[in-house]
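What follows is a set of notes on a single structure, which appears directly below.
Here is the naming used below: chain letters follow the sequence lines, and residue numbers restart at 1 for every chain. Just so you know, these numbers use all the heavy atoms, side chains as well, and skip hydrogens, waters and symmetry mates.
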2 protein chains.
Amino acid sequence: MTKPADPESNLSTEEKIKRAATEVFAQKGFAATRTRDIAEAAGINLALLNYYFRSKQKLFDGIMLEKLQELFGRIAPIFTDTSTSLEKKIETFADSYIETLIKNPELPLFVLSEIRTHPESLTQIIQIGELFTTSSFAQQLKARRPEANPLHFIMCLLGMTVFPFIAKPLLKSKAAMDDASFNILMTERKQLIPMWMDSILQNPVQS
Amino acid sequence: MTKPADPESNLSTEEKIKRAATEVFAQKGFAATRTRDIAEAAGINLALLNYYFRSKQKLFDGIMLEKLQELFGRIAPIFTDTSTSLEKKIETFADSYIETLIKNPELPLFVLSEIRTHPESLTQIIQIGELFTTSSFAQQLKARRPEANPLHFIMCLLGMTVFPFIAKPLLKSKAAMDDASFNILMTERKQLIPMWMDSILQNPVQS
DNA sequence: GAAAAATTTAATCATTTGTTTAAATATTTT
DNA sequence: AAAATATTTAAACAAATGATTAAATTTTTC
């Protein structure tokens, strides 16, 4: 006779709070989340939140830092690697990033929403702008297509990869799309996006 | 002797509140916006907000409806027009949509953020899923590339067009990008995106 | 120009919400 | 097992916040 085994109940109180907070923050955002929502979702007494994390803001800051790492930490090593080709970088990025986003589909919208509200404090932490202009990836793009700003192609790659996860709620209206078929589509894109990027990068402007 | 002429001061109180609210809501989101923020930004007494709009929620609902119209109302006529070619639709969309977004860069992130928090009520209003599966545009994509889900190409088009505006805050970190050069880049994309979409749609899978 | 209606203001209310407190309970140390 | 420490709980606090009220002022109507 195995127990129903709620996997959450074994966790430490601190971990229960953090996981519940991560979920509620991601769904509602910082401002719309009440500490009581978190306490209820975690199944703990309200005061324990402050006992373990001091304040709602400090709890959020820790979680946001982890999320920034999940969302941007993966890009930097790929884009700055000087030993890989342009094509290989695109391939690795699409594969690894879509895998991350399938496991964490609410990540981009959550992070970008909060950046909108705290532009200074958060954009300073991540310093992602550098990657877009001076990384090995940017240099390779510039070498391949000297006439265009490399940012154009980076935006194509990121847009094709990330945008579907941001727009996911739109697709789920009506019976248009369920989670399973969405994930199948996204998995297909792991191979499709590198091919599309090749097409975009190879075809010079025909004017 | 001409007056300093604050253009806002001539507006009706109702209009002043609505414009201030639109700005503050777009920047901070519904939950993080206090009615006092709006009153201050509008330069009016707090009670006037409720006098003209009954509640913060009703004020927000009206504004959100307008924003949904701005963001999605433009897509439908283009995608459903049976008299235009696939290429023409893409061209028209990129041109018209980028124009809209340059004038209203915070629109996509604002709308998508709020949809995340109210998935049911808002996705029902817009019914955008239909456009992606049954519109003339979707049919033309299916005819051109029968082996792939048309959604793939729609996500490419939307991703390449909309994503830069969602990721704009990331670019503005450090001195990487200012508003003027961002807008120049986006204007370039009006022509580039149709070319890129052609490349993507013409090149069949080479396996 | 007086009466009526609409608008604006200052003050206040009731609730929500993040946080704290002090007591109770559980765990660890000696 | 007693003492010390850590954790948990219920209750309460203080500030913030959406909304209302009643009086004052302005505008419109007759």
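For the pair Asn104(B)/Glu70(B), a side-chain contact is recorded, criterion being any heavy-atom separation below 4.5 Å from C-beta on.
For the 3.5 Å distance criterion, the side chains of Lys67(A) and Thr22(A) fail to qualify, holding no donor opposite an acceptor.
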Base-contact (B) and sugar-phosphate-only (S) positions in nucleotides 13-19 of chain D, heavy-atom cut-off under 4.0 Å, - elsewhere = ----BBB

key: Trace of the side-chain hydrogen bond (donor to acceptor under 3.5 Å, both in side chains) decision for Thr35(B) with Lys56(B)   = CA-CA 7 Å; Thr35(B) 52; Lys56(B) 175 190 175 186; over 6 Å; no

key: Test log, rule side-chain contact (heavy atoms from CB on, under 4.5 Å), inputs Asn45(A) and Leu48(A)   = CA-CA 6 Å; Asn45(A) 184 286; Leu48(A) 290 175; 4.2 Å; yes

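Residues of residues 60-68 of chain B that place a heavy atom closer than 4.0 Å to DNA chain C do not occur.
Taking 4.0 Å as the cut-off between side-chain N and carboxylate O, Asp179(A) and Lys168(A) count as a salt-bridged pair. With respect to the salt-bridge test (charged N to carboxylate O, under 4.0 angstrom), the residues Glu66(A) and Lys18(A) qualify. Salt bridge status for Arg145(B) with Glu147(B): present, with a side-chain N to carboxylate O gap under 4.0 Å. Salt bridge annotation for Arg74(A)-Glu99(A): absent, with no cationic side-chain nitrogen under 4.0 angstrom from a carboxylate oxygen.
When rounded to the nearest whole Å, the span between CG of Asn45(B) and P of dT26(D) equals 15 Å. If you measure from atom OH of Tyr51(A) to atom C1' of dA10(D), you get 17 Å, rounded to the nearest angstrom.
Residue Phe53(A) is out of contact with every strand shown, counting any heavy-atom pair closer than 4.0 Å.
Of all nucleotides in DNA chain C having an atom under 4.0 Å from a heavy atom of chain B, the first and last in 5' to 3' order are dA6(C) to dA10(C).
The distance between the ring centers of Phe79(A) and Phe93(A) falls below 6.0 angstrom.
In this structure, Phe60(B) and Phe110(B) have perpendicular ring planes: the angle between them is above 60°, well past the 30° mark.
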